[in-house]
Amino acid sequence: MYDDFSDPSGATISKFEQMLKSDSIQFFDAQEFETIVQHYLDFGQNNMAKRALKLGLEQHPNNIELLLLKSELFIFESKLPKAEALLDLIDHLTPQNEEVFLQRANIFSKRKEHHKAITMLNRALLLTEDPLDVWSLLGMEYLLVENFEAASKYFKLCLKESPLDYQSLYNILYCYEQLENIDEAIAVLNEVLEEHPYCEVAWHQLGKIYTQTERYQEALSAYDFALISDDTFTGAYVEKGKLLEQLGRINEAIENYEIAMQTSDPGGYAYHRIGSCHLQLGNKQLGVSFLKKSIHLEPHFEKSWMALIDFYLKEAHPEKALYHCKKGLQANEDSVQLWKKNGEIHFALTQYSEADYAFENTIALGNYELDSWTQWIDSLLHLREWNKALKIGLQAREFYPETAAIAIRVAGCYHTLGKKDESQYFTRAFRKDESLLAQMAPFFPNLVVKS
């Protein structure tokens, strides 16, 4: 129960809830009902909002604000035809109502009719006394139709009105990124910083742009200014750490990652980066320890599993690599990279049945890289499963119709299965590639290529 009587709206909510408990009917004016409904909507209590709205419209049947709240609820519940019918009624009662155009825009947007939504928002813009929200909505609609020029124009208006509107700032930077207009992005950030020199978000974004454009010293300075503005800004420590790592200043990078861990709950990413840094420094035991901490905190953090697997492969411990690969797949069963790595390790260990299963999953999850197909086919060739190898080879040909590495495997399978004519059909792709013929000779020793 809401009982904050120091807040007038709180007293209204409490009075309404007491009325419901006593199963009595009391009078509230329309504005009070609007406050009650909006309160429940803000807290996601839609059923309570509906009860209040029903009672409110019984006492004030033609109140426009309550009718608008009802149509808003219809839209939220995706009951769009009901919302439209109600908006038609409201439009009849109060023509040229800004909120009607905004809600119609919302309906069109939900239906992915974004150009119609833009038309409605432009009509709302002519009526509103406070255009900021409408500009933001227009920017989002133009983003959805990938008109980045128009979107950036409206987000820039938002930013001019409210320089610390970070959502608009991020959106306009995204627009300029898509337009590959780095200079405009830098100019916008500098405009924000001229007005708010201690805006840590702007410094942080400026640092990221300088990093992308390889202006590394300027990037480091920007991150430093972000941290002067807010010495608990985790993102700036992480980005600075990544850049220092890239520049080979590994110990400094570790320092920044460690501070980042102190400024917020340590996530798997920070442990991952510290672990990778220690491996680069040759601190193998320490590096592995941090990578294991990373996956202990976040079992779904695929990069740490891959880093551990690659470390053990580099150290010539394929069994340990395979163990961690299997553990990683228990936590990330849909990981394409882990399935592919699993297949590669099994293949290297001559465990071809397991490799067959792993590559089948790799392809099923959408990895269509050439080496995934060829290793899958080769696993089947080792198992002498010629028919299945041929079937997979023909599937691979759909992705790589002119690739000799696939053609020779298909030809070899046809030849081994006694289908000589089909075999010769595929020899064009590799006729002059003697190294490829030599490579496949253990599988297809009797494969003859006619000139």
Side-chain angles (χ1 to χ4, degrees), residues 272 275-276 279-280 282 284-285 287-288 291-292 294-295 299 301-393 395-397 399-400 403-413 416 430 433-445 447:
H272 170 79
S276 297
L279 290 181
Q280 290 178 64
K284 297 177 183 179
Q285 192 171 350
V288 167
L291 290 175
K292 287 183 176 179
S294 171
I295 56 180
F301 195 69
E302 187 178 303
K303 287 183 178 179
S304 287
W305 288 110
M306 292 295 292
L308 270 176
I309 294 160
D310 288 338
F311 168 76
Y312 284 121
L313 288 175
K314 188 177 178 182
E315 294 292 301
H317 295 304
E319 292 81 7
K320 285 186 178 181
L322 186 58
Y323 169 80
H324 284 91
C325 198
K326 289 178 178 177
K327 294 286 284 183
L329 281 167
Q330 288 174 11
N332 305 271
E333 59 183 16
D334 293 330
S335 167
V336 174
Q337 292 306 312
L338 284 171
W339 274 115
K340 184 176 181 180
K341 188 66 74 173
N342 184 274
E344 290 169 351
I345 298 170
H346 277 302
F347 190 90
L349 293 172
T350 69
Q351 298 169 354
Y352 300 117
S353 292
E354 293 85 350
D356 166 31
Y357 179 72
F359 285 119
E360 185 171 1
N361 279 289
T362 303
I363 300 293
L365 288 167
N367 180 295
Y368 304 124
E369 294 170 4
L370 179 60
D371 62 337
S372 297
W373 288 107
T374 55
Q375 286 197 76
W376 187 10
I377 297 167
D378 289 351
S379 301
L380 295 165
L381 297 180
H382 279 289
L383 295 168
R384 306 181 69 78
E385 293 189 25
W386 312 110
N387 281 305
K388 186 176 178 182
L390 175 60
K391 179 184 173 184
I392 302 310
Q395 288 178 22
R397 286 268 302 172
F399 294 89
Y400 299 96
T403 302
I406 299 297
I408 193 171
R409 287 164 170 81
V410 171
C413 289
T416 304
F430 59 87
D433 195 336
E434 294 183 5
S435 64
L436 192 56
L437 278 168
Q439 177 190 334
M440 300 309 294
F443 297 122
F444 313 122
L447 184 61

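Owing to the predicted nature of the structure, the values given are computational and were not obtained by experimental measurement.
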request  = Determine whether Lys292 and His324 make a side-chain contact, defined as any pair of heavy atoms from C-beta on separated by less than 4.5 Å.
outcome  = yes

key: Interatomic distance, Ile295 atom CD1 to Ser304 atom OG [nearest 0.5 angstrom]   = 6.5 Å

Positive for ring pair (Phe, Tyr, Trp, His ring centres under 6.0 Å) with Tyr368, one of Phe359, Phe399, Trp376 = Phe399

Any donor-acceptor pair under 3.5 Å from Trp339 side chain to Glu333 backbone = yes

query = Atom OG1 of Thr403 and atom CD1 of Ile408: how far apart are they, to the nearest 0.5 Å?
reply = 13.0 Å

ask   = Between Phe347 and His382, does the ring centroid distance fall short of 6.0 Å?
value = yes

task = Give a yes or no answer on whether the side chain of Asn361 reaches the backbone of Asp334 with a donor-acceptor pair at less than 3.5 Å.
result = no

Check against side-chain contact (heavy atoms from CB on, under 4.5 Å), Asp378 and Met440 = CA-CA 9 Å; Asp378 289 351; Met440 300 309 294; 4.0 Å; yes

query = Nearest 0.5 Å, what's the CG-CD distance between Asn342 and Glu354?
reply = 9.0 Å

query = Taking all non-hydrogen atoms of both residues, which atom of Arg397 and which atom of Ala407 are closest, and how far apart?
reply = NH1-CB, 4.1 Å

query = How about Tyr400: does its OH atom have over 12 heavy atoms from other parts shown lying under 6.0 Å from it?
reply = yes

ask   = side-chain contact (heavy atoms from CB on, under 4.5 Å) between Tyr312 and Val288: does it pass, once the steps are laid out?
value = CA-CA 10 Å; Tyr312 284 121; Val288 167; 3.8 Å; yes

ask   = Counting heavy atoms not belonging to Tyr352, are there more than 12 under 6.0 Å from its OH?
value = yes

task = Supply the atom-to-atom distance Leu338 CG to Lys326 NZ, rounded to the nearest 0.5 angstrom.
result = 13.5 Å

message = Using modelled atom types and a 3.5 Å cut-off, is there a donor and acceptor pairing between side-chain atoms of Arg409 and backbone atoms of Ala405?
response = yes

task = Check each of Asn367, Thr362, Ile392 against Trp373 using the side-chain contact (heavy atoms from CB on, under 4.5 Å) test, and report the only one that passes.
result = Ile392

ask   = Could you go step by step and tell me if Thr416 and Arg384 meet the side-chain contact (heavy atoms from CB on, under 4.5 Å) rule?
value = CA-CA 10 Å; Thr416 304; Arg384 306 181 69 78; 5.9 Å; no

task = Determine the minimum heavy-atom distance between Ile377 and Gly393, stating which atoms define it.
result = CD1-CA, 3.7 Å

ask   = Should we count NZ of Lys327 as having more than 12 external heavy atoms under 6.0 Å?
value = no

request  = Take Glu315 and Lys320 through the salt bridge (charged side-chain N to carboxylate O under 4.0 Å, His left out) test and state the conclusion after the steps.
outcome  = CA-CA 10 Å; Glu315 294 292 301; Lys320 285 186 178 181; over 6 Å; no

ask   = Side chains of Gln351 and Ile345: does their closest heavy-atom pair fall under 4.5 Å?
value = no

ask   = So how far is it from Asn387 CG to Glu385 CD, rounded to the nearest 0.5 Å?
value = 9.5 Å

key: Main-chain N/O of Pro299 paired to Trp305 side chain as donor or acceptor, under 3.5 Å   = yes

message = Working to the nearest 0.5 angstrom, can you tell me the gap between Lys303 NZ and Asp310 CG?
response = 13.0 Å

ask   = Taking the side chain as C-beta and beyond, is there a heavy-atom pair between Leu365 and Ser335 under 4.5 Å?
value = no

request  = Show your reasoning for whether side-chain contact (heavy atoms from CB on, under 4.5 Å) applies to Ile406 and Leu370.
outcome  = CA-CA 9 Å; Ile406 299 297; Leu370 179 60; 3.8 Å; yes

query = Closest heavy-atom contact between Pro442 and Ala438?
reply = CD-O, 3.8 Å

ask   = Minimum heavy-atom separation for Cys413 to Leu381, with atom names?
value = SG-CD2, 3.8 Å

